[in-house]
Amino acid sequence: MTTASVPLPNWISYGLIPLLNLLLAFFFSGLVVWWIGESPLEALKFLIQGSLGRGDAIGFTLFYTTSFIFTGLSVAVAFHAGLFNIGSEGQAYVGGLGAALAALALDHYVPWYVTMPFAITAAAIFGAAWAFIPAWLQAKRGSHIVITTIMFNFIGAALMVYLLVNVFIVPGKMAPETRTFLEGGQLPKLDWLMALFGLKLGPAPFNVSFLIALVMCYLVWLLIWRTKFGYEMRTLGISPSAAIYAGVPYARIVIIAMLISGGLAGMMALNAVNGAAARLQVEFVAGAGFVGIAVSLMGRSHPVGIILAALLFGILYQGGADLSFEMPTITRDMIVVIQGLVILFAGALEYMLRPAVVRIYQQFAKG
Amino acid sequence: MSLDPSPAPAIELVGIDKKFGPVHANKNINLTVARGSIHGIIGENGAGKSTLMSIIYGFYQADQGQIRINGKPIVIRDSQTAISSGIGMVHQHFMLVENFTVLENVVLGVEGGALLGRDAARAREELKRLQKDYGLEVDLDAIVEELPVGAQQRVEILKALYRGADILILDEPTGVLTPAEADHLFNVLRVLREQGKTILLITHKLREIMAITDTVSVMRRGEMVATRATAETTVEELAELMVGRRVLLHVEKGEAKPGPVLLSVKNLTVKDSRGLKMVDNVSFDVRAGEIVGIAGVAGNGQSELLEAIAGIRKPSSGEILIDGQPVAELDAARRRELGLAHIPEDRHHMGLVLKFEEYENSILGYHRDQRYGRGAFLDLEAIRKDAEDKIAKYDIRPPNPRLKTANFSGGNQQKIVVAREIERDPKLLIVGQPTRGVDVGAIEFIHRRIIERRDAGKAVLLVSVELDEIRSLSDRILVMFAGKIVGEKTSEAGEQTLGLMMAGIAA
Ligand SMILES: Nc1ncnc2c1ncn2[C@@H]1O[C@H](COP(=O)(O)OP(=O)(O)OP(=O)(O)O)[C@@H](O)[C@H]1O
Ligand SMILES: [Mg+2]
């Protein structure tokens, strides 16, 4: 019962405090930019323009956002059951195998919308399968899920490289990747959606997986807050002893929650593999799994929060790439520093400002 | 030192007002607590007692009003300010870090309280001295979560004293203690008073108010309605001031008509995590239409026995039959399906998920039931409706199923659990400390409900450290000591006899 438990109106908890955290993150990022001798305002301008200024910029931003929504949901689902799934990265990677297999098997014969459900299912199943062993070990043996999922990230990466180099590589080519899918194995771009807003998508890979991601947000919300299973997950996640009292089956919840979590991570591959590259490439996940942890943290493990946080990281990714292009002194590594600051302030230091806000609020409420 | 004949009061509250949204928890409270006195505060569940104490201790800020400590107005912005003004608090719900040791908990957050080398040794010395002076025995190196509740409380008191408290606030300290332990605590409090410390004591037990306080104040629905010199009032008057009506301090019940056996425990042995036998070869039956009470000093295996029956703890040997069915392989949920309901001793760890809204807790353990939603989905409409019914029937305040459970007062939280378990109309009800922390009016109410179970031909197994409660409800009393059942008595048995048995002296 410190200030942490003083009730605040929702608009402060979920609106003002995250906003203040974000401003603080930008302030310190600005200091870093200023310190290396560039103008922070200038940098901010490039960041915003590069991510939201043009149709294709928005397209790229939303493309990244899509990936982060999937991985953010993945982390959030596990988190509600009290599990810290660090393995979304590996689960997404292996999920790519499922997505690619579906595309490779069907793209000659059917249009994309027939392939799509198979690709979704296969990506989810492969991602889930990759989460299964850590889940089982946690449920039955008590091996800590953080450790095992990290290990499985490495194993997954090795496995995928092996498969791409030895099995899927196109004969005579150097790049460790599958052949390019025909249209029947791809997910089409959403230029029509952009056109509704009078924007041109250009070369940006913003595609149908974005809509799938939004559907998944709804389904996850439904799962967690409207089903009996979600109720059991939350009970276990918040109070393991109350879960035992209520007869919530621990092993079952752990395993199923992790399967769902892995499945959502796996679906991230739809965006990168079927949507953007139209082939399975080495390291296509590119850290999206880890960003998912930050996104889930910032989004308070709620689908709406996750969408907003994913959008923020999408902006940072896309805008950051543009920024380092426009201002060469700001290297990619600097962008990573800025992203790190955002994670630090918006996620990890979430409670730093809270006591002060509580105090001001109380003064206010008094007067 | 001045020889001022009338020293400033230790605490003065002037016009304290506090709202939580629509709930007006404290309304224009004025209170004066004389230095070196024990001042009792009583009132119904949700009357605002804990809130008022939290304001004095700096957990909450009053919306209005002034606090004066030793005559000096101060603004208590946080508990740090409170501590440095010499205020210590033992909470209704302990605030200990469960997986830290006692020593670590006590020095946690104290300046110079590093846990290394000399400092730790010095802290240990100091604590040993405090323990000796006040008789607060507890193993300094024990892990807090492994301690029985009674000992955890002693840790809380030690913590406050170690921080140099001059004014000690105790919020329902005896809720978890046996009468003997409570007497012990009161001796500690008397010693403290002799040394000029001031004590604010919240309790629902009017007997305790009469026994130890100098002055008593009564709160009702957020207001301070009366203050009396203890010597000039009576239990009846206080009860009436609190509730606003006459209260039956003892419920009437007729003869038991025992039927078939609904719970059978055979040669049950339960070990704790260290392999110690907490329940040692215990056998007994509970029949339909009777209430069997288990009396005993806290920590003699009653908790483990209840947990084994409820399916929370695995016995190491022996058998449990519910309505004739062996339940060894069934988890808590399956046992519920057989007609078991369980009001756990520890509502915070088991009975409730404090972060849930009230209506979510009103289905805990029964959430798979078809009435709360067909198939995989929850029917929130139905659940909230059901929760509202229980709130109305059990007078849970505030009557808001959407309020976070942590924001209900202690006694109202207990009513949430009691309502959930009893309203299922279970064949067998097992109950641990059913009236811990609930006010006299609600005790009367809960006792009636338990007796109704019996009269409806259901079985009740009751564990309580309140000997009065055991005696007034039970048809048969089993006494537990050191994990064994050392004897059986009827409810006519005297307090003396039972007390000796509970201490392991007589059988
Ligand atoms: N943080 C909070 N948010 C909202 N309401 C609260 C909060 N804390 C307390 N309340 C409400 O304020 C009222 C007073 O609660 P308080 O805990 O002070 O009662 P109490 O007198 O200590 O009761 P009990 O004897 O049951 O412990 C209750 O209605 C309670 O629900
Ligand atoms: Mg209280």
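Since the model is a prediction, treat every value here as computed from it, not as a measurement. In the text below, chain A, chain B and the rest are named by the order of the sequence lines, each starting its count at 1.
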[atom1]/[X]: more than 12 non-hydrogen atoms of other groups inside 6.0 Å:
X: A:Y250; atom1: OH; value: yes
X: B:E329; atom1: CD; value: no
X: A:F79; atom1: CZ; value: no
X: B:E145; atom1: CD; value: yes
X: B:R334; atom1: CZ; value: no
X: B:K27; atom1: NZ; value: yes

Strictly under 6.0 Å, is that where the ring centroids of A:Y231 and B:F356 end up? yes

Minimum side-chain heavy-atom gap [X]-[Y] below 4.5 Å:
X: A:K228; Y: B:L378; value: yes
X: B:E360; Y: A:T235; value: no
X: A:W225; Y: B:L380; value: no
X: A:R234; Y: B:K355; value: no

Mind ranking [options] by heavy-atom pairs under 4.5 Å with chain A and telling me who comes out on top?
options: B:L352, B:L354, B:D331, B:I363; answer: B:I363
options: B:L330, B:D78, B:L364; answer: B:L364
options: B:P344, B:A310, B:G311; answer: B:P344
options: B:H367, B:K404, B:H348; answer: B:H367

Using every non-hydrogen atom in the two residues, find where B:A332 and A:A246 come nearest and quote the distance to one decimal. CB-C, 4.4 Å

Geometric cation-pi criterion, B:R336 with A:Y245: 6.0 Å, 45°: yes

Looking at B:A376, is its backbone amide N or carbonyl O close enough to the side chain of A:T227 to form a donor-acceptor pair, meaning the two atoms are under 3.5 Å apart? no

Can you tell me which portion of A:I244 sits under 4.5 Å from chain B's heavy atoms? Options are side chain, backbone, both or neither. both

Name the region of B:R313, side chain, backbone, both or neither, that has any atom closer than 4.5 Å to a heavy atom of chain A. neither

